[in-house]
4 protein chains.
Amino acid sequence: MGAVKTKRMPRAVREQQMLDAAVQIFGQRGYIAASMDDIAELAGVSKPLVYLYLNSKDDLFTACIRREAQALFAAVRAGVRRELPADRQLWDGLLAFFTHTARHPDGWSVLHLQARTHGEVFAAEVTVVRAGIVAFVTQLIAEAARDALARSADRAPAGGASVDPPLPERDVAGLAEALVGAAESLADWANATPSVTARQAAATLMNFAWTGLGELMAGRRWSPPSA
Amino acid sequence: MGAVKTKRMPRAVREQQMLDAAVQIFGQRGYIAASMDDIAELAGVSKPLVYLYLNSKDDLFTACIRREAQALFAAVRAGVRRELPADRQLWDGLLAFFTHTARHPDGWSVLHLQARTHGEVFAAEVTVVRAGIVAFVTQLIAEAARDALARSADRAPAGGASVDPPLPERDVAGLAEALVGAAESLADWANATPSVTARQAAATLMNFAWTGLGELMAGRRWSPPSA
Amino acid sequence: MGAVKTKRMPRAVREQQMLDAAVQIFGQRGYIAASMDDIAELAGVSKPLVYLYLNSKDDLFTACIRREAQALFAAVRAGVRRELPADRQLWDGLLAFFTHTARHPDGWSVLHLQARTHGEVFAAEVTVVRAGIVAFVTQLIAEAARDALARSADRAPAGGASVDPPLPERDVAGLAEALVGAAESLADWANATPSVTARQAAATLMNFAWTGLGELMAGRRWSPPSA
Amino acid sequence: MGAVKTKRMPRAVREQQMLDAAVQIFGQRGYIAASMDDIAELAGVSKPLVYLYLNSKDDLFTACIRREAQALFAAVRAGVRRELPADRQLWDGLLAFFTHTARHPDGWSVLHLQARTHGEVFAAEVTVVRAGIVAFVTQLIAEAARDALARSADRAPAGGASVDPPLPERDVAGLAEALVGAAESLADWANATPSVTARQAAATLMNFAWTGLGELMAGRRWSPPSA
DNA sequence: TATGAATGAGATTTCATTCAT
DNA sequence: AATGAATGAAATCTCATTCAT
C-alpha cells in the first residue's frame, strides 16, 4: 500500500511523499490517533527522517493543513471566472469545490474535521482559508443583490417608492455563512454517499440557495412569528 | 466546577455526575485528549468507580453520545407541534435546535465534532439520531410540497398544464440534507459568535431556506448550465 | 541488588525507596546517563509509578539533591557545638563532614558533581546549602580572629602599637571559600582512596588550614583532640 | 562564533577547528548534552567529516581532554623556574594555573567537571595529568621541608633535641592533595566571580596554605613578590 | 459503595552513526 | 577532502486499565 521503498531521493520529493502519507493517515484516523510510526511506514521511510524534514508532529500536521487548504482554495479559484454573472460564478465555484473534496477526501477530512477538532492553533490555520471563501461568497451575494436592485429599478419606470432596500450587511454575512456551511455538510454527505456525484451535490445546493436568494432579492421575506 | 465531594450516593446519581463530567471534558478536549483521570477528578470520584459503572472509555463515550443525542432530539420534538403549518413547524424546530445547542455547547461538540472524528463506531451512533432528524425534515418538505401543489391546483380551476410535478424523492433528500447541514454549521457559528442569538440564527436560516424552498414549490428551478 | 519486590506499600515508603535508587543511579552515572528505567528497576517498581509519585526526571533529581543536601547539612550541624572554641568547632565540623561523605558517596556525588554539571537550576539548589556552610566557616574564622586579637592585646600590657589589625572581610570570604573547596576535594580524594579514613582527611586539612604549611615546615603541628 | 566556512583545508587545521568547537560545546553543555550535530555545525563542517577525523564521540571527547590537559600542564610548567626557592615556585605555579583556567574556562570545565562526571575512562585521562601536578607539588613541599630542617639544624648548633622530624610521606601526599584541591575549587570560584583576578586567587591560596590560618590570626601574612 | 496502589503498552522525540557519492 | 540522505536504538513520559481491600 505504501510507496515502494526507493532509496536516496532528493529532499523535496521525500517531503511530498511524507505529506501524502500524513494527510492520508491524519484524515482517516485523526490527529492524535495517527502515530508517527504509521505515517513513516506509509511514506516508506524511517521515523527519524520524518522528524529531520518536518520537525514535529505539530509541524507536520500544520504543513498538511496548509498544503490541503492551498490546494482547495486554488481549485475553487481556478473554477471561477469573475467576469461571468454571479449565479454562474456560484455554480462554478460549488462544482469545483465538490469535485475537489470528492477527489481528496482525506485532505477534506483534515481540513473540515481534524484541524477543527484538535486545538486552536490548527483551527486558526483553517479559519484563514475559510474566511477567504466566506468573503468571496459574501461578495457574490452582495453583487447579486445589486444586480437585482438595478433590474427592479428598470422595471419600475416612473421612479416609484417601490425600489427594494438593499440587504443589511449582517444578513448577508449570515447567509454566506449558512451557504458555506451547507456546502461543507453536503461535501461530507456526498463523500459518505457514493452514488452522489459532485454535480448532483452542486445542483442540490444551487437549487436550495439560489432560488431562495432570488426571492430574497425580490424583497419578499419570511417573518418569524412574534412570540 | 467539579461536583462537591459527597460520599455514598445512589448509583444513578453518580452515573449522571460522571456523564456530566465526561461530556464536558470530551466536548472541550476531544475523545483522545480527554483522560479518564481528568474525568474522574471532575466527577469527584475515583477512577475505579468510573470503570465499575461505565466499564471503559469507549463505553463512557458512547453513553455520552447517546445521552446528548437523546436530549437534543427530545428538545427539538418538544418544540414542534405537528398540527401547525409546515413553515411554523420548521421555525419552531430550528429555534429549539439552536436554543439547545447554545445551552449545551459541550454536548453539541461531542455530537457534531468529536463523535464524527474518532472512529466509525461513534460516528454511527450519531448517524442514527441525525437520520431521524433528516427524515423528519424530509417529511416536512414533502408535506409542504404537497400543500403547495394543492394550492396551485385550486388556483388553476380548469385542469391546466400548469400544475407542477412533485419534487423527486432524491431531491427532497438532498434538500433536507443541505438544510440540516446548514443548521449544524450555523450552530457552530452561533456558538463561536457570542453576539448571535438562537433566534437570529433561526431567522437567518429560515430566510435562506424557506424563501428558496417556496420558489421551488412554485415550480421555478435554477438549471445548471449544460457544460 | 535492588530492593526485594514487595507489593502494595504506602506511598511514603515507596517514595523513599525511589529516592534511594535515584541517588544511587544519579550519583554513579550522572543526571543524563541515568535512565528512568534503571531507577525504576532498582527501586523495584514500574516506571509509571515513579512518574506518578515524583512527577518527572527533573523533579526526581531535584528531590534527590534536596534530600542529600539536607542530610549533609544536618550531619555537620549535629557534629558541632557552638559553645566550644573555634578550632574545636572546625575540627568537629570537618570530621562530621568527611564521615558523612564517606558514608554516602553517591549522595556526595549527586551534590558535588552531578548537580553542578547539569544545569543552573540544579546547581542553584546546591549553592544554597553550600552558601550556608561557607557562611558558617566564615563566621568561625572571624570569631577566631577576634579571639586572637583579644589574646594578643592581653599579652601586650602597656597599650602598644603591636595590636594586629583584623582580617579584611574580603580576605575572610576568600579563605572560607578555599577551606570549603579544599574540604570538598579531600572528600573526593578520600572516597577514591579507600585507605584514607574520615579522621585522617580531617586531620590533614586541619593541619593544612590551621597551622599553615610554613609552620608545618617549622615543626609546629596542630593535633586533633583525643576523643 | 563558528569558524568561517572555508573549503578544503589541510587535515591538521580542520582537526583543530573541530577540537575548538568540541571543547566549547562539551565545556558548556556537558558530554552527553553535547550533540555531534552541534559540534559539527560550530566547527563549520559536516558530521561525517568529524567522524572521519575523530572517529567517535568518545574519541573526540578524549582528544579534547588530552589537548586541554597538556595545555594546562604546559602553562604551569612554563610559569615555574625550578632554581628559585620553594615558596616562589609555588606562587609562580599558582599564578600560572589561575591565569590559564581563567583564560580557558571551557577547557577547564571539560577537565575539572565534565571529564570527572561522565565515566571512569574519561576520569582516568584527567587523573594522569592531575597526578603529575600533585607529584610536583608533593616534591615542592618535601623540598621545602628539607630546607626548613636544614635551617633549624643550623640554628641549633649543639645537636639539641629540638630538631624536628621530617614530615611523614603520607602526610605530604595528603597536604599536596589538599592544596591542589583548594586550587581547583578556587579556580571555579574565580571563574564564577568576575571581580576576582587570577592574582587575587593565587594570593588567597598562598596565604592560606603557606602561613596557615593560625598564623594569619596572629597577624603574620605572606606577601606575593612584586613582579 | 468506594479507593489507593500499581502496571503493560505505546506515544513522541533525539542521537550517534553509516552509506553512497 | 567532503557531504546529503538515512536509520537503529533508546530516552522520557502518558494512559487506559486492574488488583486488593
Side-chain angles (χ1 to χ4, degrees), chain A residues 5-11 13-15 32-40 44-60, chain B residues 5-11 13-14 32-40 44-53 55-60, chain C residues 5-11 13-15 32-40 44-60, chain D residues 5-11 13-14 32-40 44-53 55-60:
Chain A
K5 204 156 191 171
T6 318
K7 300 244 161 173
R8 306 265 149 184
M9 333 221 344
R11 174 168 180 157
V13 177
R14 269 279 136 89
E15 270 189 15
I32 307 191
S35 90
M36 295 298 270
D37 274 279
D38 296 339
I39 292 172
V45 296
S46 70
K47 230 185 328 170
L49 199 60
V50 179
Y51 278 89
L52 187 62
Y53 286 174
L54 274 314
N55 211 45
S56 75
K57 196 183 184 183
D58 261 45
D59 285 3
L60 174 56
Chain B
K5 206 158 190 169
T6 319
K7 303 244 158 175
R8 306 265 152 185
M9 327 217 352
R11 172 162 184 162
V13 178
R14 271 275 194 267
I32 306 194
S35 86
M36 295 297 271
D37 274 277
D38 296 338
I39 292 171
V45 296
S46 71
K47 238 185 321 174
L49 199 59
V50 179
Y51 278 88
L52 188 61
Y53 285 177
N55 205 46
S56 76
K57 195 184 185 184
D58 267 40
D59 286 1
L60 174 55
Chain C
K5 204 156 191 172
T6 317
K7 300 243 159 173
R8 307 262 150 187
M9 333 220 347
R11 173 168 180 156
V13 178
R14 269 280 136 89
E15 271 189 16
I32 307 191
S35 90
M36 296 298 271
D37 274 279
D38 295 340
I39 292 172
V45 295
S46 70
K47 230 188 327 172
L49 200 59
V50 179
Y51 278 90
L52 188 62
Y53 286 175
L54 275 313
N55 211 43
S56 73
K57 195 182 185 182
D58 260 45
D59 285 3
L60 174 55
Chain D
K5 206 157 191 173
T6 318
K7 303 246 157 173
R8 306 265 151 184
M9 326 217 355
R11 171 161 183 160
V13 178
R14 267 279 140 87
I32 306 194
S35 86
M36 296 297 272
D37 274 278
D38 295 338
I39 292 171
V45 296
S46 72
K47 239 185 321 174
L49 199 59
V50 179
Y51 277 87
L52 188 61
Y53 285 176
N55 206 46
S56 76
K57 195 184 185 183
D58 267 40
D59 287 1
L60 174 57

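Sequence lines set the chain letters: A, B, ... in the order given, protein chains first and strands last, and positions in each chain run from 1. Only a predicted model underlies this, so the values are computations on that prediction, with no experimental measurement involved.
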If you assign Pro10(B) and Ala34(D) each to the DNA chain E nucleotide with the nearest heavy atom, which residue ends up on the more 5' nucleotide?
Pro10(B)
Value in whole Å for how far the P atom of dT12(F) lies from CG of Asp59(C)
14 Å
Reading DNA chain F from 5' onward, which residue's closest nucleotide shows up sooner: Leu52(D) or Ser35(B)?
Leu52(D)
What is the distance, to the nearest angstrom, from the CD atom on Glu15(A) to the P atom on dA6(F)?
11 Å
Produce the list of close N/O pairs, under 3.5 Å, pairing protein atoms with atoms of nucleotides 17-21 of chain F; give distances to one decimal.
| from | atom 1 | to | atom 2 | distance (Å) |
| --- | --- | --- | --- | --- |
| dT17(F) | OP2 | Tyr51(B) | OH | 3.1 |
| dT17(F) | OP2 | Lys57(B) | N | 2.9 |
| dT17(F) | O4 | Lys47(B) | NZ | 2.6 |
| dC19(F) | O2 | Arg8(C) | NH1 | 2.8 |
| dC19(F) | O2 | Arg8(C) | NH2 | 2.8 |

Under the side-chain contact (heavy atoms from CB on, under 4.5 Å) test against Arg14(A), which residue among Leu52(A), Val50(A), Val45(A) passes?
Val45(A)
How far apart are the closest heavy atoms of Ile32(C) and Ile32(D), and which atoms are they?
CG2-CG2, 3.2 Å
Return one dot-bracket line describing DNA chain F 5' to 3' (Watson-Crick or G-U wobble pairs, both distances under 3.5 Å; ( ) same strand, [ ] crossing, | another strand, . none).
.||||||||||||||||||||
Can you measure Arg14(A) atom CZ to dA5(F) atom P for me and round it to whole angstrom units?
11 Å
Atom CG of Asp38(C) to atom C1' of dA11(F): distance rounded to whole Å?
11 Å
What is the separation between atom OH on Tyr53(A) and atom C1' on dT7(F), rounded to the nearest whole Å?
12 Å
Ile32(B) CD1 - dT12(E) P separation (whole Å)
11 Å
Of all the heavy-atom pairs spanning Ser46(A) and Ala40(A), show the shortest one and how long it is.
C-CB, 4.0 Å
Reckon Arg11(A) has a side-chain N or O less than 4.0 Å from the OP1 or OP2 of dA6(F)?
no
Distance check, rounded to the nearest 0.5 Å: Met36(C) atom CE versus Lys57(C) atom NZ?
7.5 Å
